[in-house]
**Q** 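Sharing a structure with you now.
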Amino acid sequence: MELPRYHRMRGTLYRLEGSACRKCAHRIFPPRPVCPRCKAQELEPMAFSGRGTLYSFTRVLQPPRGFTNLGTYSVGMVRLDEGPMVSAQIADADGTELQIGMPVEMVTRKLKDAEEHGFILYGYKFRPRLRAAGA
Amino acid sequence: MRDVSIIGIGQTAVAEHWDKSIRDLAVEAAQAARRDAGIERVDALYVGNMLSGELAGQENLATVIADAAGLLPVEAIKIEAACASGGAALRAAALGVAAGAHEYALVVGVEKMTDYLTDGVTAALAMAADADYEAGHGISFAALNAMLMRRYMHEHKARHEDFAPFSINSHRNAARNPFAMYRQEITAEDFAASPIVADPINILDSAGICDGAAALLIAPSAEARKTRRPPVRIAASAVATDTVALAERRDPLVWQSVADSARLAYAQAKLGPKDIDLFEVHDAFTIVSVLSLEACGFADRGSALKLAAEGRIGLDGDIPICTLGGLKGRGHPVGASGAYQIVEVVQQLRGEAGAAQVKDARVGMAQSVGGSGSVTVTHILQV
């Protein structure tokens, strides 16, 4: 990824920042310029808690270029507690049987090794919720 | 707006064409369509293609093809709508002819994918998804569809084997199509034993990587009598869109762009699902066939698997789908697939589909879906 693009995405990648609509209170991830529900343009940033449940998941056995170094890995769609859904990798899933509906939480992990641009890309992934964190 | 008809069709075999470039394939299909119509004249060229920039390092593709086919200085434009590019190119061409801007417009859908290794093609195809919020996280196209399939199985208590009839049907029909890539029939046992790509999706749920080109020559219906072959009317042509990212849909199992584009097409043609004699479904994955049949009104939510289990999608069923193999059996050269579907519907409506002929076919629908249901092009053709 190019450095300016990474810089623009730092809010979403590090803090799971989306938008909240000032008119209809709709909560949106990732951030948008126009509310998809009421079409208002009065949106403000909102950081999501990172807690949610697994809507669906799969294991990628034929990774796209740029991700082949991960071997096989799991990805999922997570319904955040605040409403929106987000797609991401599921980390720390080895030895855990993933199930639809299971509680998960956001973690910050390495998304990609340094490419030709020379920096390592970090961002959100989700993992099965730890008992202490979920208490 | 003028009524528009398809007056000529052409196609290359779908295959791994090691000895042919993207321009060789496009020219072969284009010349075949002009020969089929018995008309040389072309006023405009619309090229449907998704990946020439990424895979061949070639943009400005429509000019490249116009040049190679000897059509200069004709107006030429590439239309890109991910996997729906071929259908979208016909839509653009039909608008141009209907509006009176052109008399004869040539549509060429073309894709060249097999020069590249699988991980490169997988990354290129993922460009139809959201670059920042799907592809950027290593979520491949197969993975997006796998998550849909798992959720569908969860909500409707379905088993993976319930999806087998879709793949079996496409392969059985492809075996009767000389232009198809996968011309071998498969059994439920083959389906069950197929290697996993992204669980629960396996190889036989998925359309393969391949090369091919298909072409259509279109003209105002009033001109169509001059042609060599019987014309086929474009009764409807409609496009609709939905969120690019799957996670941002209210209900990811409702393919709203598919439903919206079908609804618009039915209204244009003044027809409904019951009037459709055959349906070229965008079966890139078996789950796509299921969600499309439900969104287009051929099955209620959660009941498309039953439609297949009862044998109703076969050539002699009440809604034959993927009659010449579909994306799964014929092959899915992505930007070309929408044009192949139209070629095949024309073959059916002319009664030229050979061993795959649907009896008394008068009305055929073709639907081309880009992204994970984010853009859909629906055409209804009629004789």
Side-chain angles (χ1 to χ4, degrees), chain A residues 1-2 5-6 8-9 12-13 16 18-19 26-32 36-37 52 54-80 83-91 98-101 109-112 121 123-126, chain B residues 54-55 116-155 195-203 205-206 209 242-253 256 285 287 372:
Chain A
M1 186 184 278
E2 303 70 28
R5 188 172 185 173
Y6 186 19
R8 280 197 299 278
M9 290 182 66
T12 54
L13 287 175
L16 212 61
S19 308
H26 190 42
R27 291 157 169 192
I28 303 148
F29 185 89
R32 282 171 174 266
R37 195 161 74 182
L54 203 52
Y55 171 85
S56 192
F57 61 93
T58 184
R59 222 172 145 69
V60 180
L61 302 182
Q62 280 186 5
R65 184 175 294 163
F67 294 90
T68 46
N69 63 323
L70 295 176
T72 62
Y73 52 94
S74 295
V75 299
M77 292 166 76
V78 174
R79 174 71 71 191
L80 298 172
M85 190 131 73
V86 52
S87 296
Q89 287 183 29
I90 306 298
L98 297 178
Q99 283 184 336
I100 288 176
R109 291 289 166 84
K110 183 168 78 177
L111 288 182
K112 269 193 165 183
L121 185 71
Y124 56 81
K125 295 186 184 184
F126 287 79
Chain B
E54 181 67 12
L55 294 185
Y116 312 91
L117 297 177
T118 303
D119 66 331
V121 176
T122 304
L125 288 171
M127 294 171 81
D130 190 307
D132 290 335
Y133 299 103
E134 292 178 328
H137 292 259
I139 304 173
S140 64
F141 240 80
L144 288 168
N145 284 278
M147 291 193 281
L148 283 172
M149 192 174 188
R150 184 185 303 281
R151 185 71 195 188
Y152 188 96
M153 289 162 62
H154 173 79
E155 288 192 16
I196 298 288
V197 178
D199 63 321
I201 283 182
N202 68 27
I203 295 274
D205 283 304
S206 324
I209 290 166
D242 199 354
T243 67
V244 173
L246 195 55
E248 293 186 67
R249 312 254 171 96
R250 190 177 308 169
D251 182 346
L253 292 181
Q256 198 56 46
F285 297 96
I287 182 67
S372 44

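Worth saying up front: this structure is predicted, and the values here are computed from it rather than measured. Chain letters run A, B, ... following the sequence lines, proteins first, then strands; residues in each count from 1.
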**Q** Of all of B:L117, B:V121, B:I196, which one pairs up most often with chain A through heavy atoms under 4.5 Å apart?
**A**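 Most heavy-atom pairs under 4.5 Å with chain A: B:I196.
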**Q** Report which part of A:R8 has an atom under 4.5 Å of a heavy atom belonging to chain B: side chain, backbone, both, or neither.
**A**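 No part of it gets close to chain B.
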**Q** Report the option among B:A123, B:A135, B:A142, B:A146 that has the most heavy-atom pairs separated by less than 4.5 Å from atoms of chain A.
**A**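 The option with the most such pairs is B:A123.
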**Q** For atom CZ of A:R27, decide whether the heavy atoms of other residues, nucleotides or ligands shown that lie under 6.0 angstrom number more than 12.
**A**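 No, not enclosed.
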**Q** Rounded to the nearest 0.5 Å, what separates atom CE in A:M9 from atom OH in B:Y133?
**A**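 Output value for this atom pair is 4.0 Å.
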**Q** Sort out for me which of B:L148, B:T122, B:D199 touches chain A most, counting heavy-atom pairs under 4.5 Å.
**A**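 Greatest number of close heavy-atom pairs with chain A: B:D199.
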**Q** Specify which of B:G120, B:P200, B:G138 makes the most heavy-atom pairs with chain A at under 4.5 Å.
**A**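 It is B:G138.
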**Q** Indicate yes or no for a side-chain donor-acceptor contact from B:R150 to the backbone of A:F57 under 3.5 Å, with no hydrogens or angles considered.
**A**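 Checking the backbone N and O of A:F57 against the side chain of B:R150, a donor-acceptor pair under 3.5 Å is found.
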**Q** Given that the side chain runs from C-beta out, which part of B:A126 has a heavy atom under 4.5 Å from chain A: side chain, backbone, both or neither?
**A**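 No part of it gets close to chain A.
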**Q** Which bit of A:T68 comes within less than 4.5 Å of chain B, counting heavy atoms only: side chain, backbone, both or neither?
**A**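 Contact with chain B is through the side chain of A:T68 alone.
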**Q** Using every non-hydrogen atom in the two residues, find where A:A88 and B:I139 come nearest and quote the distance to one decimal.
**A**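 Reported closest heavy-atom pair: N-CD1, 3.8 Å.
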**Q** By a 4.5 Å heavy-atom criterion (distance strictly below it), what part of B:P195 contacts chain A: side chain, backbone, both, or neither?
**A**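 For B:P195, neither part sits under 4.5 Å from chain A.
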**Q** Heavy-atom distances under 4.5 Å only: say whether B:L246 touches chain A with side chain, backbone, both or neither.
**A**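 For B:L246, backbone and side chain are both near chain A.
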**Q** Of the backbone (N, CA, C, O) and the side chain (C-beta and beyond), which part of A:M77 lies under 4.5 Å from a heavy atom of chain B, both, or neither?
**A**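 Both backbone and side chain.
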**Q** Pick whichever of B:E248, B:H154, B:E134 has the most heavy-atom pairs under 4.5 Å with chain A.
**A**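 Highest number of pairs under 4.5 Å: B:E248.
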**Q** Which answer fits A:Y73, side chain, backbone, both or neither, if we ask what part of it has an atom under 4.5 Å from a heavy atom of chain B?
**A**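 A:Y73 touches chain B through side-chain heavy atoms alone.
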**Q** Minimum heavy-atom separation for B:S140 and A:V60, please, with both atom names.
**A**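 Where B:S140 meets A:V60 most closely, the heavy atoms are OG-CG1, 4.2 Å.
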**Q** Rounded to the nearest 0.5 Å, what separation is found between the CZ atom of A:R59 and the CD1 atom of B:I201?
**A**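 So the CZ of A:R59 and the CD1 of B:I201 are separated by 16.0 Å.
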**Q** Rounded to the nearest 0.5 Å, what separation is found between the CE atom of B:M147 and the CD1 atom of A:I100?
**A**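 Result: 11.0 Å between the selected atoms.
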**Q** Which answer fits A:L13, side chain, backbone, both or neither, if we ask what part of it has an atom under 4.5 Å from a heavy atom of chain B?
**A**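 The side chain, not the backbone.
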**Q** Side chain, backbone, both or neither: which part of A:T12 has a heavy atom under 4.5 Å from chain B?
**A**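 For A:T12, side-chain heavy atoms alone lie under 4.5 Å from chain B.
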**Q** Using heavy-atom distances under 4.5 Å, tell me whether B:A245 contacts chain A through its side chain, its backbone, both, or neither.
**A**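 No part of B:A245 comes within 4.5 Å of chain A.
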**Q** What part of A:P84 gets closer than 4.5 Å to chain B, counting heavy atoms only: side chain, backbone, both or neither?
**A**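 Contact with chain B is absent: no heavy atom of A:P84 under 4.5 Å.
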**Q** Please report whether the ring centroid of A:F67 lies less than 6.0 Å from that of B:H137.
**A**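 Ring-ring flag for B:H137/A:F67: false, centres at least 6.0 Å apart.
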**Q** B:D132 versus chain A, heavy atoms under 4.5 Å apart: side chain, backbone, both or neither?
**A**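 It is both, since atoms from each part get that close.
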**Q** What part of A:V86 gets closer than 4.5 Å to chain B, counting heavy atoms only: side chain, backbone, both or neither?
**A**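 The backbone, not the side chain.
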